[in-house]
Amino acid sequence: RPGLALCAGCGGRIQDPFLLRVSPDLEWHVACLKCAECGQPLDETCTCFLRDGKAYCKRDYSRLFGIKCAQCRAAFSSSDLVMRARDHVYHLECFRCAACGRQLLPGDQFCLRERDLLCRADHGSPPDGAVARGPRSP
């Protein structure tokens, strides 16, 4: 279909002998398909990710839009093992009690208080400087 397609990058007609089709309805001049963040050329040898009509390399897409650790805010790699608490996801080494620093392991009981993980031993105690009022809840 060269000559009939419009480039999603520059908007011009694609009359080149080759074009790059990223999704069923988006076609690009070979020279126009670049990462919107770093400018790296994206072609058949480089994984391409789309978001809001913009193309990204894998590294920038993960950095900008990927799930990040609730503790250290770093992105996850595909080989990372993770721990989850409600809607939060953590690296294994970041899944620690905020009070004592003990790493929480699968099967450990813990509490999630706002953004802080607390082990069973610490979740019943009041935050630093606070005075406990009334009976502790189980």
Side-chain angles (χ1 to χ4, degrees):
R1 293 181 22 185
L4 300 176
L6 293 180
C7 177
C10 72
R13 286 198 180 276
I14 301 176
Q15 296 179 344
D16 305 352
F18 299 102
L19 60 84
L20 295 174
R21 184 171 290 133
V22 176
S23 68
D25 57 344
L26 292 178
E27 297 167 325
W28 304 71
H29 290 110
V30 173
C32 289
L33 187 56
K34 296 179 182 177
C35 176
E37 192 70 15
C38 71
Q40 173 185 352
L42 303 171
D43 57 23
E44 66 277 356
T45 64
C46 183
T47 304
C48 178
F49 294 86
L50 287 179
R51 176 100 175 216
D52 301 326
K54 295 180 181 177
Y56 297 91
C57 66
K58 183 176 183 177
R59 185 186 73 242
D60 285 330
Y61 186 87
S62 295
R63 182 179 57 81
L64 294 169
F65 307 112
I67 297 172
K68 295 177 177 61
C69 177
Q71 179 63 35
C72 72
R73 305 301 305 155
F76 295 99
S77 72
S78 59
S79 62
D80 285 340
L81 297 176
V82 300
M83 297 289 280
R84 295 178 184 273
R86 291 194 193 129
D87 297 335
H88 304 289
V89 183
Y90 300 83
H91 293 107
L92 288 181
E93 59 275 7
C94 295
F95 200 69
R96 297 180 173 278
C97 176
C100 69
R102 184 174 74 81
Q103 185 171 14
L104 299 168
L105 302 172
D108 286 348
Q109 291 184 351
F110 65 90
C111 168
L112 183 61
R113 193 176 289 160
E114 294 182 24
R115 294 190 59 95
D116 290 335
L117 291 168
L118 298 170
C119 68
R120 179 158 174 94
D122 290 320
H123 88 271
S125 60
D128 291 343
V131 176
R133 292 191 175 93
R136 291 184 185 169
S137 62

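Residue numbers start at 1 and run along the sequence shown.
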*Straight-line distance of R13 CZ to C7 SG, nearest 0.5 Å*: 12.5 Å
*Check whether more than 12 heavy atoms from other residues, nucleotides or ligands sit under 6.0 Å from atom CG of L6, and answer yes or no.*
yes
*Hey, what else clusters with Y56 if you join Ile, Leu, Val, Met, Phe, Trp, Tyr whenever side-chain heavy atoms sit under 4.5 Å?*
F49, Y61, L64, F65
*Is there a side-chain contact between L42 and K34, using heavy atoms and a 4.5 Å cut-off?*
no
Side-chain atoms of residues 82-102: list all donor-acceptor pairs with protein atoms under 3.5 Å, sequence neighbours left out, distances to 0.1 Å.
unit_1, atom_1, unit_2, atom_2, d
R96, NE, E93, O, 2.9
R96, NH1, G101, O, 2.9
R102, NH1, D108, OD2, 3.3

*asked:* Ignoring hydrogens, what is the shortest heavy-atom contact between G12 and H29? Give both atom names and the distance.
replied: O-CE1, 3.9 Å
*Looking at residues at least two apart in the chain, or sitting in another chain, which of them share a side-chain hydrogen bond (donor to acceptor under 3.5 Å, both in side chains) with E114?*
none
*Among pairs that include at least one residue of residues 63-72, which meet salt bridge (Lys or Arg N to Asp or Glu O under 4.0 Å), considering only residues two or more places apart or in two chains?*
E37-R63, D60-R63
*Identify the two heavy atoms, one from A75 and one from D80, that lie closest to each other, and give their separation to 0.1 Å.*
O-OD2, 4.3 Å
*Mind checking what makes side-chain contact (heavy atoms from CB on, under 4.5 Å) contact with S79, not counting sequence neighbours?*
S77
*asked:* Using the side-chain hydrogen bond (donor to acceptor under 3.5 Å, both in side chains) criterion, which residues pair with D116? Sequence neighbours excluded.
replied: none
*Are side-chain heavy atoms of L104 and L117 found at a separation under 4.5 Å?*
yes
*At their closest point, which heavy atom of R113 faces which heavy atom of H123, and how far apart are they?*
NH2-O, 2.5 Å
*Same hydrophobic cluster for V30 and W28, using side-chain heavy-atom links shorter than 4.5 Å among ILVMFWY?*
yes
